[in-house]
Amino acid sequence: MKSQARVVVIGVVVVGCSVLYHLTKLGWDDVVLLERDELTSGSTWHAAGGMYTINGDPNVAKLQQYSINLYKEIADLSGQDAGVHITGGVMLAASEARLDWLKSLASKGAYLGIETDIISSEEAVELMPLIDPSKFAGAMRTYVDGHLDPSGVTHAYAKEARKLGAEVERFTKVEDLVQNQDGSGRVITNKGDIIAEHVVNAGGLWAREVGRMVGLELPLLAMEHMYLITEDMPEVAAWNRKTGKEIIHAVDFDGELYLRQERGGMLMGTYEQACKPWSPDHTSWDFGHELLEPDIERIAPSLEVGFEHFPAFKNAGIKQIINEPFTFAPDGNPLVGPVRGLRNYWCACAVMAGFSQGGGVGLALSNWIVDGDPGMDIWAMDVARYGKWATPQYTSAKVQENYRRRFSIRYPNETLPAARPLKTTPIYDRLMAAGAQFGDSWGLESALWFAPAGEKDEFSWYRSTDFRYVGDEAQAVRESVGMFEISGFANYTVSGKSAKDWLDRMLACNMPEPGRMVLALMLKEDGRVIGDFTLANITDQNKADDRFFISGSGAAEDYHMRWFERHLPEDGSVSIAAHGAGLTGLSIAGPNARKVLAAVTRTDVSADSFKFMAIAEMNIGQAPALVGRISFTGDLGFEIWCEPAYLNHIYDQLMVAGEPYHITLFGLRALNALRLEKGYGSWSSEYRPIYRPAECGLDRFVKPNKSAEFIGKKALVEGRPNQGVRLRTFVVDVDQADAVSDEPIYFNGEVKGWVTSAGFAHASRVSVALGYVPAEIAGEGDGWEIEIIGKRHKATMQNQPLFDPGGSQMRS
Ligand SMILES: Cc1cc2nc3c(=O)[nH]c(=O)nc-3n(C[C@H](O)[C@H](O)[C@H](O)COP(=O)(O)OP(=O)(O)OC[C@H]3O[C@@H](n4cnc5c(N)ncnc54)[C@H](O)[C@@H]3O)c2cc1C
């Protein structure tokens, strides 16, 4: 075994092998894979080997499509049969609501180039003969789903990677990981040590243990999972004889079942409601190829539905029941990427659908290691989307909820109850008493809307119970004044003698003068947007050090801190602190917002003294606060930041001062309606790390002529190729269901773009969608349609914001 390597990958199964293959393909051949056992040891050993393209997140769906297409390439290159069967499939809906959900998935697939058809249940039975069509309302036909041989594909990957120079060491257990002084890692194994520049944790069932070797508690948990294999079935033989083909895949969402042919019989698996975590605290190193004891009682309710929906199963003998564990993250997506605070430690873990996703995960991670960037949009899989708040107890509750809901509909307005409430702010009880309907965002409870007694969300694809109340909230902001809690933002303080120079290099904007704020874009080396912030200069003129306050997306706190910390100078001249739950806030917005603020502070906040984009420390009632004149609603507005201990006091002060103006609490849904009609995008919807500023309409905030050589400037000045898209706002002609996100945008009958976020803009009384379209047609006024739940609706492109296009309200 080598004593030095550029990359050590821990875990040689479907994910580890994919990383290995892609690294070697990118030309990094000094790579070693270490496997404590045989080549297919972990979850991969007994997996059902199914592959699907459809995923709720389109970017994950794209990677799944890549993975499936990759297997043929690997098998051809390596000469090793991976047992790939592309049968296509039917996704079955037993209710109209489910069919609507499938229609929306089909729409989303359209712009990704994933071919699907919505078909009747009679058409479905023509494709999959075991169905009782009377039990279904319809189905979605898919074309590239199938299955493979887990062991075959693992060996094919390894064989090809070895050809390209990689080494695979079996029966080599990594026992510990130590960071050397020079930043390299010492990988301690039972066969000696390897010094490695990069270490990849692809430990599958043991990923938590490999994380703990570097003090990391990864939010993942293994769940037991069962599927059964029948004896040979005459119905299967008859179909194979008649068509010369095997039976295609089927997913029965309402039965929580998936099915495929397995030799002369069928394989039926289920995500049962009575699910069971496996080894909740740690995975024994002795666990090998052994199967867990099946528990037929747990899966009996699903099997009963299965026998109803697929009657031939009633007469089939059961040959074997497999029960094995595999790992999940709280939201069911993989955990991929570099870990904040650890040098060159990479994750490729919690890949719950290893065969559908492993190829894409390997590609993204290898790009990231080699080029410093995944080269695609993998926000939904980034390990940085979870922070310290995702404790093992949180993970356990969420993973079980996610497992049970694996085949459930998630309505656009649906909130999930597990592991809540976790993080709350001091005004939680006050908001609750005011009727707040909460949702959780990265662990924190945030008010979505305020319901009168007796009302609550009814989950639906269509406009629901909240519609008119959210409308009232939005209207109140535009007409008088509203108050919204902004504690969900992520805030940072940057200080030190070089803080200003450092930020000048990190951000593409000009540096604000003391007491002023600017909108600040952060770019990657390739000129794509990696963050959008408000940057405020809060330097105290009497102190030597610079001091800046940054506010950005709450969901991206760890993501952005990983980037900031990676670029901090080593001489200690700059420090950055994320405030996390240590800073809370309220925003007041609307034409009467200034009058409310003026009533609770002795600071002069008149239009002349406290101008648009000003920031200052001031007292609100008796409480110290930092107040900025800015609002995400597009109105005259103020953001008020304070330590949590003062939040109740400030809330009460503003509510009392706002009484004469009928101050109205508003939630995230009204905020969404307000920012949509102002054409404001938001991080992870419109602004993602694959777009350049001009594409997402933020180029006016980039100052290429400033003297500082900021990150990304070179790429922008050189005019490097981009995606060739532009962000546009559309008014959509609908009356019952608004777009949500990822719906396809048609131009002259062809899919040309996709929606990033959408909803009803209550104050303007129109349905609005923001989305990307190709640059060359981004100026076309007519010919647009947006597909919502399987139906296309006329869309009209807007050349300017619906609300206050000149921006006079916020500057007033
Ligand atoms: C019953 C069942 C059915 C399934 N059906 C499907 C399906 O139809 N489709 C699908 O896509 N997925 C399916 N899966 C899930 C799939 O198996 C997993 O997504 C996939 O196997 C994960 O692969 P992995 O490489 O991440 O992890 P694993 O297969 O768990 O591999 C991790 C490897 O790392 C090694 N390792 C860990 N720690 C160390 C160490 N310290 N030193 C050296 N080596 C180490 C282990 O020995 C192991 O070989 C199923 C799983 C089960 C159990």
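Counting starts at 1 for both ligands and their atoms, in listed order.
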Peer 1: In this structure, does ligand 1 have an atom that sits under 4.0 Å from one of the heavy atoms of N323?
Peer 2: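 Not so, N323 does not reach ligand 1.
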Peer 1: I need the atoms of ligand 1 closer than 4.0 Å to a non-hydrogen atom of E324, numbered in the order shown.
Peer 2: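 Numbered from 1, ligand 1 contributes 1 (C), 53 (C).
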Peer 1: Which class fits the ring pair Y157 and Y21: parallel under 30°, tilted 30 to 60°, perpendicular over 60°?
Peer 2: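 Taking Y21 first and then Y157, their aromatic rings sit tilted (interplane angle of 30° to 60°).
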Peer 1: For A202, which part has a heavy atom under 4.0 Å from ligand 1: side chain, backbone, both, or neither?
Peer 2: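 The backbone, only.
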Peer 1: Based purely on interatomic distance, does I322 place a nitrogen or oxygen under 3.5 Å from a nitrogen or oxygen of ligand 1?
Peer 2: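 By distance alone, the answer is no.
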Peer 1: Using 30° and 60° as the class limits, which term best fits the ring planes of H249 and Y52: parallel, tilted or perpendicular?
Peer 2: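 Judged by the thresholds at 30° and 60°, the geometry between H249 and Y52 is perpendicular.
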Peer 1: Would you call K319 and E231 a salt bridge, using N to O less than 4.0 angstrom?
Peer 2: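 Salt bridge: no.
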Peer 1: So, regarding F326 and ligand 1 (criterion: nitrogen or oxygen to nitrogen or oxygen, under 3.5 Å), is there a contact or not?
Peer 2: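 Between F326 and ligand 1, no N or O pair is found under 3.5 Å apart.
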Peer 1: Using distance alone, decide if ligand 1 has a nitrogen or oxygen within less than 3.5 Å of any nitrogen or oxygen in K173.
Peer 2: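 For ligand 1, there is no N or O atom that lies under 3.5 Å from one belonging to K173.
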Peer 1: Is the Lys NZ or Arg CZ of K245 less than 6.0 Å from the centre of W239's six-membered ring, within 45° of the axis?
Peer 2: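 No - K245 does not lie over the ring of W239 by the 6.0 Å and 45° rule.
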Peer 1: Under a 4.0 Å heavy-atom limit, does L34 contact ligand 1 with its side chain, its backbone, both, or neither?
Peer 2: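 Backbone only.
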Peer 1: Would you mind listing which atoms of ligand 1 come within a distance below 4.0 Å of any non-hydrogen atom of H225?
Peer 2: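 Counting atoms of ligand 1 from 1, those under 4.0 Å from H225 are 1 (C), 2 (C), 3 (C).
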Peer 1: Quick check: does any side chain N or O of D149 sit under 3.5 Å from a backbone N or O of G83, one acting as donor and the other as acceptor?
Peer 2: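 Not a single qualifying donor-acceptor pair exists.
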Peer 1: Evaluate G49 for polar contact with ligand 1, using N/O atom pairs at a separation under 3.5 Å.
Peer 2: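 Checking ligand 1 against G49, an N or O pair does fall under 3.5 Å apart.
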Peer 1: Can a cation-pi geometry be assigned to R36 and W285, taking NZ or CZ under 6.0 Å from the six-membered ring centre and within 45° of the ring axis?
Peer 2: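 No.
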Peer 1: Ligand 1 versus I10, non-hydrogen atoms closer than 4.0 Å: side chain, backbone, both, neither?
Peer 2: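 For I10, the contact with ligand 1 is made by the side chain alone.
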Peer 1: Output yes when the distance from some N or O of ligand 1 to some N or O of G50 is under 3.5 Å, and no in every other case.
Peer 2: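 By distance alone, the answer is yes.
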Peer 1: Pick whichever of A353, C349, G11, G288 has a heavy atom sitting closest to atom 36 (N) of ligand 1.
Peer 2: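 When every heavy atom of A353, C349, G11, G288 is considered, G11 comes closest to atom 36 (N) of ligand 1.
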Peer 1: Can you confirm whether R212 is buried at CZ, in the sense that more than 12 heavy atoms of other residues, nucleotides or ligands lie under 6.0 Å from that atom?
Peer 2: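 Atom CZ in R212 is packed in, count exceeds 12.
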Peer 1: Measure M352 to ligand 1 on non-hydrogen atoms and call it side chain, backbone, both or neither using the 4.0 Å cut-off.
Peer 2: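 The backbone, only.
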Peer 1: Going by an N to O cut-off under 4.0 Å, is there a salt bridge joining D37 and R170?
Peer 2: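 Looking at D37 and R170, the cut-off is not met.
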Peer 1: Where does F328 meet ligand 1, judged by heavy-atom distances below 4.0 Å: at the side chain, the backbone, both, or neither?
Peer 2: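 It is neither; nothing of F328 touches ligand 1.
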Peer 1: Under 3.5 Å between some N or O of ligand 1 and some N or O of V351?
Peer 2: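 By distance alone, the answer is yes.
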Peer 1: For residues 382-395, dump all side-chain donor-acceptor pairs below 3.5 Å to protein atoms at least two apart in sequence or in another chain.
Peer 2:
from, atom 1, to, atom 2, distance (Å)
D382, OD1, A384, N, 2.8
D382, OD1, R562, NH1, 2.9
D382, OD1, R562, NH2, 3.3
D382, OD2, R562, NH2, 2.8
R385, NE, D331, OD2, 2.8
R385, NE, A380, O, 3.3
R385, NH1, P334, O, 3.0
R385, NH1, M381, O, 3.0
R385, NH1, D382, O, 2.9
R385, NH2, D331, OD1, 2.9
R385, NH2, D331, OD2, 3.4
R385, NH2, N333, O, 2.9
R385, NH2, P334, O, 3.0
Y386, OH, D331, N, 3.2
Y386, OH, D331, OD1, 3.4
Y386, OH, D331, OD2, 3.3
T391, OG1, Y394, N, 3.2
T395, OG1, T391, O, 3.0

Peer 1: Looking only at distances, please establish whether an N/O atom of ligand 1 is found under 3.5 Å from an N/O atom of R36.
Peer 2: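 Such a contact does occur with ligand 1.
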Peer 1: Quick check: does V174 get an N/O under 3.5 Å from an N/O on ligand 1?
Peer 2: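 Yes, at least one N or O pair falls under 3.5 Å.
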Peer 1: Work out whether the distance between some heavy atom of Y52 and some atom of ligand 1 is less than 4.0 Å.
Peer 2: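 Judged by the 4.0 Å heavy-atom criterion, Y52 does not count as contacting ligand 1.
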Peer 1: Taking only Lys NZ, Arg NE, NH1 and NH2, and the carboxylate oxygens of Asp or Glu, determine whether E160 and R162 approach each other closer than 4.0 Å.
Peer 2: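 Not counted as a salt bridge, because no side-chain N and carboxylate O are separated by less than 4.0 Å.
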Peer 1: Any non-hydrogen side-chain atom of L303 less than 4.5 Å from a side-chain atom of F313?
Peer 2: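 With C-beta onward as the side chain, the pair stays apart.
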Peer 1: Backbone or side chain, does any N or O of P325 fall under 3.5 Å from an N or O of ligand 1?
Peer 2: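 No, there is no polar N/O contact under 3.5 Å.
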Peer 1: Under a 4.0 Å threshold between the charged nitrogen and the carboxylate oxygen, would R343 count as salt-bridged to E197?
Peer 2: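 Salt bridge: no.
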Peer 1: Any salt bridge between K2 and D30, counting N to O under 4.0 Å?
Peer 2: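 Between D30 and K2 there is a salt bridge, with a charged N closer than 4.0 Å to a carboxylate O.
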Peer 1: By number and element, which atoms of ligand 1 are closer than 4.0 Å to a non-hydrogen atom of W285?
Peer 2: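 Atoms satisfying the 4.0 Å criterion: 38 (N), 39 (C), 40 (C), 41 (N).
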Peer 1: Atoms of ligand 1 less than 4.0 Å from L205 heavy atoms?
Peer 2: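 Per the distance check, 30 (O).
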